[in-house]
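The structure appears below as structure tokens.
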Amino acid sequence: MLQPLRILFRPKWMVSRSSGSYVSRMRHLNKIKEEDEACRAALQSGNIFLYHKLAPLLRRTDSGIYQLPALQTKDVEEILEKLGEDKEMVKESILINCTEQNEAQFSFDVGAIEQAAVEELCRGTFVDLRKAFFLLRGSEAPLVARGQALLRWHQTNGFCSSTGQPTQRNQSGSQRVCHSSGITYYPKMSPVVIVLLSDGKRCLLGRQSTFPRGMYSALAGFCDIGETMEEALRREIAEEVGLEVESIQYSGSQHWPFPQSSFMVACHATVNPDKTHVSVDKVELEDARWFSLEEVQEALTIKAPPRNNKGEPTVFWVPPSYAIANRLIQEWANQQHLKS
């Protein structure tokens, strides 16, 4: 019998700002999202994060720390002019968010311009997003992921699926419209359930063949049309590793930009400790196995992909701290530590 999910929102900390300031910021964000003129004005005083073919621009500080540089609109316009491009291109920027100071934040892809030339003028480097997750601070990772997801959506939704005619975006990029059919398209995310399975003493982790060497993660799968999250979770576990889930507990959620903008719903689940034989579906997974608390704790200390030198044993490690899979693994380890 499945246990019900715990309450989806339960405050665990006090908000440092007043609720009024948050409401004001959200209403300001909605205004510039929906009103073209308000968005154009916000762009002139806002900040832009640059991408080149969906790879974000990062800048390394003197201390060796990588940061996500926020460029002012006028600076981006100047860069475009120096490279012989029309500065009006900056109007193609996509609204991402706004800061607590109500400064709008945008993403802008300069993939049509020579990469090295932009990097030189910006004093930075365009880095693949997966690698960027290991280099950025936690607060910057969600921002850069959201920016890339929105840029990707616009690049792949330029035509109406009903008429085949070009769609037109509004200024903020929050929607695209086919004026021939009148259909409005909005950015979408695909629901995915991700689960850390436990038999009470061990946790089950798996890997796909596309994962970096040695990396194991929580099991995940897309929800089918008409399924509840619980149904999708039970089905995925049965399909991928041949186990039957007994209980489920909700942990949290996260936007994940791979493969193309997923909405991750994270849960812990348990199986009967007497029924733990794993039967891996080799179409879905390369491997899946049970890990002890000691193995997991050691893996959590690895903060960057290990080198795994030739001839040496492959090092077991887990996804970076920004990934919600890491959170699930850390929560399980903390719970096991408390039990012992």
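Residue F222 is not grouped with residue V265 when hydrophobic side chains (ILVMFWY) are merged at heavy-atom distances under 4.5 angstrom, including chains of intermediate members. In the hydrophobic clustering of this structure, W256 groups with V144; members are Ile, Leu, Val, Met, Phe, Trp, Tyr whose side-chain heavy atoms approach within less than 4.5 Å, directly or through other members. Under the 4.5 Å side-chain heavy-atom criterion for Ile, Leu, Val, Met, Phe, Trp and Tyr, V280 and L233 are members of the same hydrophobic cluster. A single hydrophobic cluster is not seen to contain both L68 and L95; linkage of ILVMFWY side chains at heavy-atom distances under 4.5 Å, directly or through other members, places them apart. With hydrophobic clusters built from ILVMFWY side chains whose heavy atoms lie under 4.5 angstrom apart, V118 does not share a cluster with Y66.
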Check: Given the rule in the side-chain contact (heavy atoms from CB on, under 4.5 Å) test, do R327 and S251 qualify, once you have shown the distances and angles that lead to the verdict?
Finding: CA-CA 9 Å; R327 168 176 159 176; S251 174; 3.5 Å; yes
Margin query: Test side-chain contact (heavy atoms from CB on, under 4.5 Å) on V177 and Q168; report intermediate values, then the result.
Written below: CA-CA 5 Å; V177 177; Q168 304 296 322; 5.5 Å; no
Next item on the list: Apply side-chain contact (heavy atoms from CB on, under 4.5 Å) to the pair R25 and C98, showing each step before the final yes or no.
Entry: CA-CA 8 Å; R25 181 160 65 94; C98 71; 3.4 Å; yes
Next item on the list: Dump the intermediate steps for side-chain contact (heavy atoms from CB on, under 4.5 Å) on L219 and V241, then the final yes or no.
Entry: CA-CA 9 Å; L219 304 184; V241 292; 3.8 Å; yes
Margin query: Is there a side-chain hydrogen bond (donor to acceptor under 3.5 Å, both in side chains) between H255 and R146? Walk through the geometry before answering.
Written below: CA-CA 8 Å; H255 167 254; R146 184 173 184 176; over 6 Å; no
Note to self: If you apply the rule salt bridge (charged side-chain N to carboxylate O under 4.0 Å, His left out), what do you find for E295 with R202, and how did you get there?
What the structure shows: CA-CA 10 Å; E295 290 175 306; R202 302 171 298 172; over 6 Å; no
Next item on the list: Determine, step by step, whether R234 and E230 satisfy the salt bridge (charged side-chain N to carboxylate O under 4.0 Å, His left out) criterion, reporting the C-alpha distance in whole Å, the side-chain angles of both residues, the deciding distance to 0.1 Å, and the verdict.
Entry: CA-CA 6 Å; R234 297 191 72 187; E230 297 94 329; over 6 Å; no
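Between the side chains of S181 and T163, no donor-acceptor pair is found at a separation under 3.5 Å. Residues Q67 and T61 have side chains that never bring a donor and an acceptor to within less than 3.5 angstrom of each other. No hydrogens or angles considered: nothing links the side chains of W153 and S261 as a donor-acceptor pair under 3.5 Å. The closest side-chain donor-acceptor pair between E331 and Q335, if any, does not fall under 3.5 angstrom.
Note that the CD atom of Q336 and the CD atom of E294 stand 10.0 Å from one another [nearest 0.5 Å]. For the atom pair L293 CG and N334 CG, the distance stands at 9.5 Å (nearest 0.5 Å). Note that the CG atom of L50 and the CG atom of D109 stand 9.0 Å from one another [nearest 0.5 Å]. One distance of note links OG of S24 with CG of N102; it measures 5.5 Å at 0.5 Å rounding. Once rounded to the nearest 0.5 Å, the distance linking CD of Q105 with CD1 of I94 reads 14.5 Å. If you take CZ on F108 and CG on L151, they are separated by 9.5 Å, rounding to the nearest 0.5 Å.
No cation-pi contact links R169 to Y185, judged by a cut-off of 6.0 Å to the six-membered ring centre and 45° from its axis.
Looking at L243 and K275, their side chains never come closer than 4.5 Å, going by heavy atoms from C-beta outward. No side-chain heavy atom of S190 sits under 4.5 Å from any side-chain heavy atom of F263. Residues P305 and W317 form a side-chain contact, since some pair of their non-hydrogen atoms from C-beta on lies under 4.5 Å apart. Contact check for Q155 versus L54: side-chain heavy atoms found under the 4.5 Å cut-off. Taking the side chain as every heavy atom from C-beta outward, V278 and R289 never approach each other to under 4.5 Å. Between Q165 and F159 there is no side-chain heavy-atom pair separated by less than 4.5 Å.
Side-chain atoms of T167 come within 3.5 Å of backbone N or O of G158 as a donor-acceptor pair. With hydrogens and angles ignored, the 3.5 Å screen pairs no side-chain donor or acceptor of N326 with any backbone N or O of Q330. T125 contributes no side-chain N or O that, together with a main-chain N or O of V127, makes up a donor-acceptor pair within less than 3.5 Å.
The pair E227-R235 meets the salt-bridge criterion, with a side-chain N (NZ, NE, NH1 or NH2) lying under 4.0 Å from an Asp/Glu carboxylate O. The residues E286 and K282 are annotated as not salt-bridged, no charged nitrogen and carboxylate oxygen being separated by less than 4.0 angstrom.
The environment of K201 atom NZ is sparse: at most 12 non-hydrogen atoms of other residues, nucleotides or ligands sit within 6.0 angstrom. Applying the 6.0 Å contact sphere to CD of E298 captures no more than 12 heavy atoms from other residues, nucleotides or ligands. The 12-atom threshold is not exceeded at CD of E120, counting heavy atoms of other residues, nucleotides or ligands nearer than 6.0 Å. Within 6.0 Å of CD in E88 there are more than 12 heavy atoms belonging to other residues, nucleotides or ligands.
Minimum heavy-atom separation, W332 to L196: CB-CD2, 3.3 Å. Considering all non-hydrogen atoms of both residues, A288 and L285 come closest at CB-CD1, 4.1 Å. Smallest separation of non-hydrogen atoms from I248 and V245: CG1-CG1, 3.9 Å. Closest non-hydrogen pair, L150 versus I96, comes out as CD1-CA, 4.4 Å. Annotation for C39 and F106: closest pair SG-CE2, 3.9 Å, computed over non-hydrogen atoms. Summarising the geometry of V110 relative to H52, their closest heavy-atom pair is O-CD2, 3.3 Å, with the distance given to 0.1 Å.
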Show me, pair by pair, the donor-acceptor contacts under 3.5 angstrom made by side chains of residues 128-137, not counting sequence neighbours?
| residue | atom | partner | partner atom | Å |
| --- | --- | --- | --- | --- |
| D128 | OD2 | R130 | N | 3.1 |
| R137 | NH2 | E140 | OE2 | 3.0 |

Which pairs would a plain distance check flag for residues 69-80, meaning a side-chain donor or acceptor within less than 3.5 Å of a matching protein atom at least two apart in sequence or in another chain?
| residue | atom | partner | partner atom | Å |
| --- | --- | --- | --- | --- |
| T73 | OG1 | L43 | O | 2.3 |
| E78 | OE2 | K82 | NZ | 3.4 |

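Using a 30° and 60° split on the angle between ring planes, F291 and Y216 fall in the perpendicular class, above 60°.
Applying the salt bridge (charged side-chain N to carboxylate O under 4.0 Å, His left out) rule to pairs touching residues 55-65 yields nothing, sequence neighbours excluded.
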